[in-house]
Amino acid sequence: MNGDPGSATPAPFLHETAPADDPIDLSSGQILEPLPDLARAAVRRMLDSPRVAAYAPGAGSAELRSAVAHHYRLRTGRAVDAERITITAGGRHGLFAAIAAVARDGEILVPAPHWSHYPTVIQLAGATAVTVPGDPEHGLLVDPERLDAARTRRTRAVLVNSPVNPSGACYDEERMRSLRAWAADRDIRLIIDDIYWAYGPDVDNRVQAGPHEVVIGGASKVYALAGLRVGWVWAEPPLTAEVREIVEHTTGPVSAPAQAAAAAVLRHENDAAGTGAATGGAVARRAAELAGQRAVAMEAMSAVPYLKPLPPAGGIYLCLDASQALARRLLGADDDQQLCRALRREVGVGLRAGSTFGMPGHLRLCVAEPHDVLRTAARRLTSCLTAAAELSLTTVGEA
């Protein structure tokens, strides 16, 4: 959550043009699509079953675990045992269970910027998050040297997400190879947050659960099924047993209808991808659409004064450097959280504060919207910040 650091100074002169009844919310990271017919049919079949209200299997339905395993087989070209897949109540719960199993009472290195929920999830799982600043010369990504500088005797794991939420930076094959070698040499585990796997320029086809790697995935982003809350953990057998124990004592099994819908979608996408391929069907379509949406958002936001977009390599987000706006205290904002609140209040554009992602002085927006929505948001921001700057100059002149 963004928190409440205090109210920015209001700018009442803008309220008369603020479309309060027509907000544009770019703060939430989700892709909204109707539930596919095949998923609806799977849910209907489940609803007609006499066991619809029964507990699902604790590790997840065999159907869904097999579909997940088949996805990774297609992606990596290697056999994947469905018994090493555990279904969780969303990727976030999978992350929690994996961290609790891997790093309880230890430390996890978290490259910054990072997803806003990582620090709290890590804390609740009984571990300590240690932030590792990314290299500004290389897309704010980390490398073995930066990880070594932060590593201690208590380090148990490194959390890697690509494309990165919020920046859209991507770890390429060479950099991932170096991180895997670093982890293996130091007997540290990589926790791979695989939730955006299809939305970068390159798909990580070397992902592999083992002694030094555990993979967290889910249906929310790539498969556009965020509301179903279906995730998974792919791990080696000893760790799988621990993850399942944690799942049993926290959420228990995931909703059977939700699993049925997710299984139907994954099976369809696996078939569409074909042998030896990673993406196909709706996944490939979404990846192509997002590339266009990132380009439109980048172009539109480049025209907004006092905000500078940072080019993303992938993902569903765009970050804006707000240092110029904050230096001028436009809309009375002293920090990125206040600026977000002011922009939502004045022109109805919802953004996220970069400070919640370990990226202070920046704003994050989700690009998974129609092109006209992204352009309208940019026009509103332009009008608002231009007017705020003019008022600031007038006020200084009168003083």
Side-chain angles (χ1 to χ4, degrees), residues 29-76 79-94 193-199 203 207 209 215-234 240 243-244 247 251-290 316 368:
Q30 58 183 333
I31 297 175
L32 296 177
E33 295 183 1
L35 194 65
D37 289 342
L38 57 92
R40 293 173 183 269
V43 172
R44 282 195 294 269
R45 288 193 298 273
M46 178 59 66
L47 293 176
D48 290 338
S49 166
R51 294 190 56 79
V52 63
Y55 286 124
S61 73
E63 183 183 36
L64 179 54
R65 289 189 291 111
S66 294
V68 173
H70 188 47
H71 158 73
Y72 286 114
R73 184 185 71 77
L74 289 172
R75 219 168 117 184
T76 66
V80 177
D81 185 356
E83 288 305 313
R84 296 173 65 179
I85 306 293
T86 303
I87 304 303
T88 59
R92 192 177 323 189
H93 185 237
D193 181 348
D194 200 39
I195 199 71
Y196 298 103
W197 66 269
Y199 294 156
V203 173
V207 63
V215 183
I216 315 300
S220 293
K221 310 297 184 180
V222 169
Y223 301 102
L225 298 173
L228 297 189
R229 309 314 301 144
V230 173
W232 52 78
V233 178
W234 177 25
T240 294
V243 167
R244 291 182 178 181
V247 169
T251 62
V254 175
S255 159
Q259 290 194 64
V265 169
L266 261 73
R267 281 199 315 272
H268 178 77
E269 291 301 320
N270 288 342
D271 291 343
T275 304
T279 62
V283 171
R285 171 184 58 77
R286 288 185 200 106
E289 288 175 352
L290 280 166
I316 67 174

Separation of Tyr223 OH from Leu228 CG (nearest 0.5 Å): 13.5 Å
Ala256 to Ala56 - nearest heavy-atom pair and separation: CB-CB, 4.2 Å
Describe, in one word, how the ring planes of Trp197 and His71 are oriented to each other, choosing from parallel (under 30°), tilted (30 to 60°) and perpendicular (over 60°). tilted
Rounding to 0.5 Å, atoms CG (Asp81) and CZ (Arg65) come to a distance of 9.0 Å
The reported gap from CZ in Arg244 to OG1 in Thr88 (rounded to nearest 0.5 angstrom) is 11.5 Å
From Lys221 NZ over to Ile195 CD1, what is the distance, rounded to the nearest 0.5 angstrom? 7.0 Å
Kindly compute the distance separating NE2 (His70) from CG (Leu74), expressed to the nearest 0.5 Å. 4.0 Å
CZ on Arg51 to CE on Met46, rounded to 0.5 Å: 9.5 Å
Considering non-hydrogen atoms only, spot the tightest contact between Ala226 and Gln30 and give its length. CB-OE1, 4.3 Å
Start with the C-alpha distance between Glu33 and Arg285, add both sets of side-chain angles, then the distance that settles salt bridge (charged side-chain N to carboxylate O under 4.0 Å, His left out), and finish with yes or no. CA-CA 12 Å; Glu33 295 183 1; Arg285 171 184 58 77; 3.1 Å; yes
If you take all heavy atoms of Val265 and Ala39, which pair is closest and at what distance? CG2-CB, 3.9 Å
Hey, are the side chains of Ile31 and Val222 touching, using non-hydrogen atoms and a 4.5 Å cut-off? no
Can you tell me if Gln259 uses its side chain to pair, donor with acceptor, with the backbone of Val254 under 3.5 Å? yes
Under the side chain to side chain contact (heavy atoms under 4.5 Å, CB included) rule, what do Val247 and Val233 come out as? Steps first, then yes or no, please. CA-CA 11 Å; Val247 169; Val233 178; over 6 Å; no
Please check if the side chain of Arg84 supplies one atom and the backbone of Thr240 the other of a donor-acceptor pair under 3.5 Å. no
Can you confirm whether Tyr196 sits close enough to Leu290 that some side-chain heavy atom of one is under 4.5 Å from a side-chain heavy atom of the other? no
In short, Ala67 meets Ala263 closest at the heavy-atom pair CB-O, 4.3 Å
List the atom of Pro253, the atom of Pro57, and the distance in Å for their closest heavy-atom pair. CB-O, 3.5 Å
Minimum-distance pair of heavy atoms, taken over all atoms of Val215 and Ala209: CG2-N, 4.3 Å
I'd like to know if the side chain of Glu269 and the backbone of Ala282 have a donor-acceptor N/O pair within less than 3.5 Å. yes
Which residue pairs pass the salt bridge (charged side-chain N to carboxylate O under 4.0 Å, His left out) test with at least one member in residues 53-64, sequence neighbours excluded? Glu63-Arg267
